[in-house]
Amino acid sequence: MKEIVLIKVGEIVLKGLNRRNFESLLIRNIKNSLHGASPCKVTSAQSTIYVEPLHDDADIDEICERLQKVFGIVALHRAAVAEKNMECITSTALSYLENYLDGASTFKVEAKRSDKKFPLKSPEICTQLGHEILEKFSHLSVDVHQPEIQVTVEVRDFAAYIHAGVLKGAGGVPVGSSGNGTILISGGIDSPVAAWMMAKRGLRLNAVHFASPPYTSQRAEDKVVRLLEKVSAYAGNIKLYVVPFTEIQENIKNNCPEELFTIIMRRLMMQISQRIAEQTGSSCLITGESLGQVASQTMQAIVTTDDAADMVVFRPLIGMDKEEIIRISRKIDTFDISIEPYEDCCTVFTPKHPRTRPVLKYVRKAQQDGNFEKMTETALENLKVINISPGKL
Ligand code: ATP
Ligand code: MG
């Protein structure tokens with residue numbers, strides 16, 4: 001029996017004239033997400049996208065698992081394909097759904113007939129198929145209000161499709177439909193979640209990570225790569241730029257007031273990230289900051305950090321509690337990696353008493369006195385670039 005996946009698209013339906021562009025972008029993203037899985041043909045018709053495996057032995061579980069991470073998809077159905085006549089629809093439904101129906105006690109049939117030439121109307125399809133199901137599975141009864149199983153028959157242009165059950169899609173809008181953004185990624189819990197949230201709203205991602213060897217280790221950098229591989233299962237390929245930050249951090253330590261170490265470091269991170277974003281076609285920066293979470297994320301500290309960049313900075317976690325952030329990080333499978341105990345450059349040279357209410361003009365002056373211009377250029381000349389694609393499922 002031939003099985004395919006029917007995809008129902010979400011918000012892109014609302015986008016009027018842009019709809020066609022959105023849909024072709026979504027189809028491209030779907031094809032990319034299936035790279036390396038069993039080969040499939042991907043087509044669209046009547047606001048449904050069809051993913052049709054080319055071989056009988058295709059791993060449809062894996063195909064669905066990948067499709068569930070593609071933003072812009074609201075729901076998907078695994079469906080059996082039947083010829084467009086009642087005999088074939090009935091026999092296909094009875095054998096395809098056997099296990100489901102065996103284990104249930106109530107059901108209902110719903111029919112959608114987009115091919116109006118099909119001789120039976122929807123209610124007639126429901127009655128006939130319902131009757132056959134009751135005949136074969138005599139323990140079942142019909143419940144039109146709250147059935148345990150809803151059997152759906154979709155009679156479309158080229159075939160009929162039968163399914164019972166729905167898989168939830170990732171929602172959001174297709175990656176790339178909102179442009180490009182640059183995520184400042186640490187090895188922590190928050191920034192991978194922030195990256196995922198903005199990819200969900202259609203941003204294609206670049207990433208910047210600041211590394212300060214020997215204070216931070218290669219293993220800390222590898223951890224960031226593994227985190228981005230998880231994000232990439234949703235966001236598509238990501239280019240990671242690793243910034244050599246040691247000289248700048250040592251200079252902060254040697255030449256800036258201790259209580260401003262962190263805030264000056266964060267301003268330099270924003271400035272360097274903005275330069276990378278500009279050079280690589282991104283129009284915004286993204287961080288994992290959440291208001292009040294740590295000393296560098298008080299309102300005044302964020303204002304002082306934000307002053308360093310001209311580019312818009314998205315902080316999707318700003319109003320979220322740690323609990324809520326952790327829930328998402330578990331869902332996207334980054335949590336266990338994030339809690340591995342490798343040091344981040346943010347925890348190198350941390351002041352004993354960081355300023356929680358920094359005054360902008362003093363911070364600007366202290367940064368100016370530190371003469372970071374040349375070091376910033378040197379760091380930008382020595383970026384390491386790593387191409388990230390989805391890790392193994
Ligand atoms: P996270 O869990 O994402 O590490 P955090 O709560 O530990 O966040 P901070 O360490 O203050 O917070 O960092 C705030 C934000 O700054 C991070 O979410 C991230 O966007 C950025 N950031 C921190 N360290 C780095 C780094 N080494 N490289 C790039 N960006 C960083
Ligand atoms: Mg951190």
Side-chain angles (χ1 to χ4, degrees), residues 1-10 13 27 30 34 38-64 67-68 73-169:
M1 186 181 315
K2 197 166 150 60
E3 203 178 10
I4 73 165
V5 183
L6 300 178
I7 291 177
K8 304 292 157 89
V9 297
V13 174
I27 289 176
I30 287 173
L34 295 175
S38 315
C40 294
K41 190 168 119 195
V42 182
T43 52
S44 85
Q46 298 163 317
S47 66
T48 298
I49 295 172
Y50 298 71
V51 177
E52 202 175 325
L54 297 179
H55 307 303
D56 290 344
D57 61 350
D59 183 345
I60 301 190
D61 286 336
E62 188 196 1
I63 290 169
C64 287
L67 291 173
Q68 282 185 283
I73 295 178
V74 170
L76 19 109
H77 303 282
R78 283 177 81 139
V81 185
E83 268 178 47
K84 289 203 302 184
N85 60 68
M86 260 337 269
E87 203 179 319
C88 193
I89 290 174
T90 308
S91 65
T92 305
L94 292 179
S95 64
Y96 183 59
L97 303 176
E98 187 171 6
N99 287 345
Y100 273 119
L101 294 170
D102 261 342
S105 54
T106 59
F107 79 105
K108 100 178 201 194
V109 180
E110 192 179 286
K112 294 178 186 162
R113 190 183 60 130
S114 56
D115 170 14
K116 300 296 177 204
K117 290 200 219 81
F118 190 73
L120 298 186
K121 297 215 165 70
S122 297
E124 292 163 341
I125 300 172
C126 295
T127 313
Q128 277 203 21
L129 180 57
H131 180 76
E132 297 288 341
I133 291 175
L134 284 170
E135 193 108 302
K136 180 165 176 197
F137 301 91
S138 51
H139 67 286
L140 285 176
S141 59
V142 175
D143 180 345
V144 289
H145 301 296
Q146 276 188 315
E148 271 172 51
I149 291 188
Q150 176 172 315
V151 176
T152 304
V153 180
E154 300 191 32
V155 183
R156 290 171 168 264
D157 281 349
F158 299 108
Y161 303 93
I162 296 142
H163 52 83
V166 58
L167 296 170
K168 205 166 157 19

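Quick note: residue numbers are just sequence positions, from 1.
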Of the non-hydrogen atoms in [X] and [Y], which two are nearest, and what is the gap between them?
X: V9; Y: V74; answer: C-CG2, 3.9 Å
X: S95; Y: M1; answer: OG-CE, 3.1 Å
X: A45; Y: R156; answer: O-NH1, 3.7 Å
X: G165; Y: H77; answer: O-ND1, 3.2 Å
X: E83; Y: A160; answer: O-CB, 4.4 Å
X: T92; Y: A82; answer: OG1-CB, 3.5 Å

Less than 4.5 Å apart, any side-chain heavy atom of [X] and any of [Y]?
X: L54; Y: K41; value: yes
X: M86; Y: E124; value: no
X: F107; Y: L97; value: no
X: V5; Y: L67; value: yes
X: T106; Y: L140; value: no
X: I27; Y: S44; value: yes
X: I162; Y: T152; value: no
X: F118; Y: I89; value: yes

If I take atom [atom1] from residue [X] and atom [atom2] from residue [Y], how far apart are they, to the nearest 0.5 angstrom?
X: K136; Y: S91; atom1: NZ; atom2: OG; value: 9.5 Å
X: L120; Y: L129; atom1: CG; atom2: CG; value: 11.0 Å
X: I30; Y: I63; atom1: CD1; atom2: CD1; value: 12.0 Å
X: S47; Y: K8; atom1: OG; atom2: NZ; value: 7.5 Å
X: Q150; Y: D143; atom1: CD; atom2: CG; value: 11.0 Å
X: L167; Y: I7; atom1: CG; atom2: CD1; value: 10.5 Å

(request) Using distance alone, with no hydrogens and no angle criterion, decide if H163 and E154 have a side-chain donor and acceptor under 3.5 Å apart. (result)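 Per modelled atom types, H163 and E154 side chains form a pair under 3.5 Å.
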Taking atom [atom1] of [X] as the centre, report whether more than 12 heavy atoms of other residues, nucleotides or ligands fall under 6.0 Å from it.
X: F137; atom1: CZ; result: yes
X: Q46; atom1: CD; result: yes
X: D56; atom1: CG; result: no

(message) Working note: T90 + Q128, criterion side chain to side chain donor-acceptor pair (under 3.5 Å); need CA distance, chi angles, decisive distance, verdict.
(response) CA-CA 8 Å; T90 308; Q128 277 203 21; 5.5 Å; no
(request) Compute the centroid of each ring, for Y50 and then for Y161, and state whether the two points are separated by less than 6.0 Å. (result)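 Close enough - the centres of the two rings lie under 6.0 Å apart.
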Is any NZ, NE, NH1 or NH2 atom of the basic residue among [X] and [Y] found under 4.0 Å from an Asp or Glu carboxylate oxygen of the other?
X: D61; Y: R78; result: yes
X: E52; Y: K2; result: yes
X: K84; Y: D115; result: yes

(request) Indicate yes or no for a side-chain donor-acceptor contact from S38 to the backbone of D59 under 3.5 Å, with no hydrogens or angles considered. (result)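 The answer is yes, because a donor-acceptor pair under 3.5 Å joins these two groups.
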(message) Using modelled atom types and a 3.5 Å cut-off, is there a donor and acceptor pairing between side-chain atoms of Q68 and backbone atoms of K168?
(response)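 Pair found, side chain donor or acceptor close to backbone of K168.
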(message) Would L34 and V51 count as a side chain to side chain contact (heavy atoms under 4.5 Å, CB included) here? Give the steps.
(response) CA-CA 10 Å; L34 295 175; V51 177; 3.9 Å; yes
(message) I'd like to know whether I133 forms a side chain to side chain contact (heavy atoms under 4.5 Å, CB included) with V109, so could you lay out the CA-CA distance, the side-chain angles of the two residues, the decisive distance to 0.1 Å, and finally the verdict.
(response) CA-CA 9 Å; I133 291 175; V109 180; 4.1 Å; yes
